[in-house]
Amino acid sequence: MAGISLRNIYKVYPGDVTAVNDFNLEIEDKEFIILVGPSGCGKSTTLRMIAGLEEITKGELYIGDQLVNDVEPKNRDIAMVFQNYALYPHMSVYKNMAFGLRMRKMPKDEIDEKVREAARILDIEELLERKPKALSGGQRQRVALGRAMVRDPAVFLLDEPLSNLDAKLRTSMRTELTKLHKRLGTTFVYVTHDQIEAMTMADRIVVMHDGFIQQVDTPQNLYDRPQNLFVAGFIGTPPMNFLESVIVKVGERYVARVGDADLPLLPDRLSYDKVVPYEGKDVVVGVRPENLHLDPAYLNLPTTGVLDAGVDLAELMGSEIYVYARSGETSFIAKVPPQLGVESGAKIKVAVDCNKTHLFDKETQHVIV
C-alpha cells in the first residue's frame with residue numbers, strides 16, 4: 001500500500017497551454033480522495049500524470065517513497081478504471097479479468113484463485129463466461145473493477161467510472177465503491193465532475209478550477225466553510241445563493257445591505273475585526289437555499305434579515321419546494337417545506353438565517369469570514 005505525493009506539478013501542452021498549475025497534494029495511504037471540478041479544470045490530466053499516461057512538465061510525483069516521474073505505467077503498482085471500461089469485446093469476463101495476470105506469466109492456478117475471489121467480492125461469479133456485449137453497464141463496470149482488483153495494486157485510479165450509468169445505478173454503485181474501498185484498504189484516487197459523487201464517497205475532496213486547486217478538505221468542511229466563491233457555488237445542490245451587498249454600520253453593529261434589506265452580521269458568527277475594513281465596500285453574501293425561510297416564525301428573529309420578493313417559479317420536488325424568487329435585482333433559490341404551498345407569481349417575505357451566511361470579498365472572491 002502507498003500514499004501519493006504531488007509536489008509543484010505542472011502540465012503544459014504545446015502552445016503554452018497550462019492544464020495543471022502548481023499542484024501540491026499529499027494523499028494518505030488507504031485514503032479515498034476525489035478530484036472534482038467542471039470539464040477542462042485539469043482533474044483527469046492530473047490523474048493521468050499519476051498513472052504515467054501523461055508526462056509531467058515540471059514537479060515531482062512520488063508513490064510511496066519512490067519518485068516515479070520517469071517510471072513506466074506498468075511499473076507504478078497502480079490500476080486504472082476508465083470511463084468506458086476498456087474491456088476486450090472478444091474475451092469472456094474471466095479472460096478480461098485474467099489478462100493482466102497472464103501477461104505477467106503468473107501461474108494458472110493463482111490466476112484462477114484471484115479472478116474467482118474478485119468475482120465473488122463483486123457478485124459477478126455467474127457472469128464469468130459471458131462476453132462484454134451480453135452485460136449491462138453496471139455489470140461491465142464491475143468487471144472493470146475486478147480486472148483492476150486482481151492485480152492487488154497499491155493505488156486505484158478511477159476516471160469518471162460511473163458517468164455512463166443511469167441515475168439509479170450510479171447511486172447503488174456509489175455505495176458499492178465505498179464498501180469496496182473499505183474492504184480492500186487501498187488508496188483510491190477518483191475523478192468526477194459530479195459533486196454528489198464526491199460528497200458521498202470521499203474522505204477528502206480536491207476542488208479544481210482552471211488547472212488550480214481551489215480547496216482541499218472533507219466533504220462537510222467544503223460545504224460548511226468554502227474558501228472562495230467558486231467552491232461555494234460548486235458544492236451544494238441547489239447551489240449557494242450570492243447576494244450583492246454593501247457593508248454598513250448601523251449604531252454599534254454592522255449589516256450587509258441588500259437592496260433595501262439589512263442582513264445583520266452577527267459578531268459571534270462573523271468576526272467584526274475582519275468586517276471593519278470593508279465598511280462602505282461592496283461584498284458578496286453567500287447563503288444556501290435551505291437557510292432561506294418563508295415560515296413567518298423566522299421573520300422577527302434578531303438573527304435574521306428579511307427580503308421582500310416575488311416568486312418567479314415554484315418547483316415541487318416531493319419532499320421540498322424549490323422557490324426561484326427575485327428581490328429587486330437579486331435572484332435566489334429557497335428550499336422550503338412542501339406544506340407552505342408557494343405558487344408562481346406570489347409576493348413573499350424571505351427570512352435569511354444570518355447564523356449561516358458567508359461573506360466574500362467581491363474582488364478577490366475569497367472568503368472574508
Side-chain angles (χ1 to χ4, degrees), residues 1-2 29-34 44 47-48 50-53 63 73-166 168-192 194 197 200-202:
M1 304 305 166
D29 181 29
K30 302 181 182 178
E31 187 172 20
F32 195 141
I33 199 155
I34 294 185
S44 289
L47 193 77
R48 290 173 64 83
I50 296 173
L53 302 177
I63 297 179
K74 63 186 177 65
N75 297 324
R76 293 193 180 196
D77 200 13
I78 56 97
M80 192 159 180
V81 179
F82 295 92
Q83 179 178 351
N84 61 0
Y85 319 135
L87 301 177
Y88 297 108
H90 62 287
M91 292 184 184
S92 67
V93 167
Y94 183 99
K95 289 182 178 178
N96 263 284
M97 291 173 65
F99 183 78
L101 304 182
R102 287 171 52 205
M103 292 297 99
R104 293 182 179 184
K105 310 294 185 184
M106 186 176 285
K108 283 188 177 181
D109 57 343
E110 194 173 337
I111 292 175
D112 188 69
E113 181 182 346
K114 284 181 173 291
V115 169
R116 294 191 183 278
E117 172 63 8
R120 184 186 64 77
I121 291 172
L122 294 167
D123 196 24
I124 55 173
E125 292 170 285
E126 74 282 3
L127 306 178
L128 290 175
E129 299 309 316
R130 292 191 193 177
K131 299 284 181 65
K133 66 181 179 182
L135 305 178
S136 67
Q139 289 169 335
R140 291 180 193 179
Q141 183 60 75
R142 288 170 188 264
V143 174
L145 285 168
R147 183 178 56 189
M149 282 172 57
V150 297
R151 297 177 54 188
D152 293 325
V155 178
F156 274 85
L157 305 177
L158 302 101
D159 190 6
E160 306 229 28
L162 307 185
S163 61
N164 290 335
L165 306 181
D166 62 57
K168 184 177 180 181
L169 191 52
R170 278 203 306 273
T171 300
S172 63
M173 283 302 296
R174 288 202 302 265
T175 303
E176 293 301 318
L177 279 171
T178 303
K179 287 162 57 179
L180 181 63
H181 171 253
K182 290 178 179 176
R183 182 165 190 166
L184 296 177
T186 309
T187 307
F188 274 39
V189 185
Y190 186 108
V191 159
T192 181
D194 186 336
E197 285 181 23
T200 53
M201 292 194 294

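Note that these values count all heavy atoms, side chains included, but never hydrogens, waters or copies made by symmetry.
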To the nearest 0.5 Å, how far apart are [atom1] in [X] and [atom2] in [Y]?
{"X": "Asn96", "Y": "Leu127", "atom1": "CG", "atom2": "CG", "result": "12.0 Å"}
{"X": "Thr186", "Y": "His181", "atom1": "OG1", "atom2": "NE2", "result": "7.0 Å"}
{"X": "Ile111", "Y": "Lys95", "atom1": "CD1", "atom2": "NZ", "result": "12.5 Å"}
{"X": "Met201", "Y": "Thr192", "atom1": "CE", "atom2": "OG1", "result": "7.0 Å"}
{"X": "Asp194", "Y": "Leu162", "atom1": "CG", "atom2": "CG", "result": "8.5 Å"}
{"X": "Leu47", "Y": "Leu53", "atom1": "CG", "atom2": "CG", "result": "8.5 Å"}

Determine whether [X] and [Y] make a side-chain contact, defined as any pair of heavy atoms from C-beta on separated by less than 4.5 Å.
{"X": "Arg147", "Y": "Leu87", "value": "yes"}
{"X": "Val143", "Y": "Leu135", "value": "yes"}
{"X": "Ile124", "Y": "Met97", "value": "yes"}
{"X": "Leu158", "Y": "Leu177", "value": "yes"}
{"X": "Met149", "Y": "Leu122", "value": "yes"}
{"X": "Met173", "Y": "Arg170", "value": "no"}
{"X": "Phe156", "Y": "Leu180", "value": "no"}

Please report the shortest heavy-atom distance between [X] and [Y], naming the atom on each side.
{"X": "Ala119", "Y": "Leu128", "result": "CB-CD2, 3.9 Å"}
{"X": "Ala51", "Y": "Met80", "result": "CB-SD, 3.8 Å"}
{"X": "Leu169", "Y": "Asp166", "result": "N-OD1, 2.8 Å"}
{"X": "Ala148", "Y": "Ala79", "result": "CB-CB, 3.7 Å"}
{"X": "Pro161", "Y": "Val81", "result": "CB-CG1, 4.3 Å"}

task = Using the test side-chain contact (heavy atoms from CB on, under 4.5 Å), find all partners of Asp112 that sit at least two apart in sequence or belong to another chain.
result = Tyr94, Arg116

Counterpart residues, side-chain contact (heavy atoms from CB on, under 4.5 Å), relative to Lys182 (two or more places apart) =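 Scan of Lys182 (side-chain contact (heavy atoms from CB on, under 4.5 Å), adjacent residues dropped) gives Thr178.
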
Worked verdict on Lys74 versus Met103 for side chain to side chain contact (heavy atoms under 4.5 Å, CB included) = CA-CA 11 Å; Lys74 63 186 177 65; Met103 292 297 99; over 6 Å; no

ask   = If you measure from the Lys or Arg side-chain nitrogens to the Asp or Glu carboxylate oxygens, is any gap between Glu117 and Lys114 under 4.0 Å?
value = no

ask   = Quick one: do Arg48 and Asp159 make a salt bridge, cutoff under 4.0 Å?
value =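 Answer for the salt bridge query: no.
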
query = Is the Phe32 ring parallel, tilted or perpendicular to the Tyr190 ring (thresholds 30°, 60°)?
reply =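 Geometry flag for Tyr190 against Phe32: tilted rings.
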
Please check: side-chain N/O of [X] versus main-chain N/O of [Y], any donor-acceptor pairing under 3.5 Å?
{"X": "Glu110", "Y": "Pro107", "result": "no"}
{"X": "Arg120", "Y": "Glu125", "result": "no"}
{"X": "Asp29", "Y": "Ala2", "result": "yes"}
{"X": "Arg130", "Y": "Val93", "result": "no"}

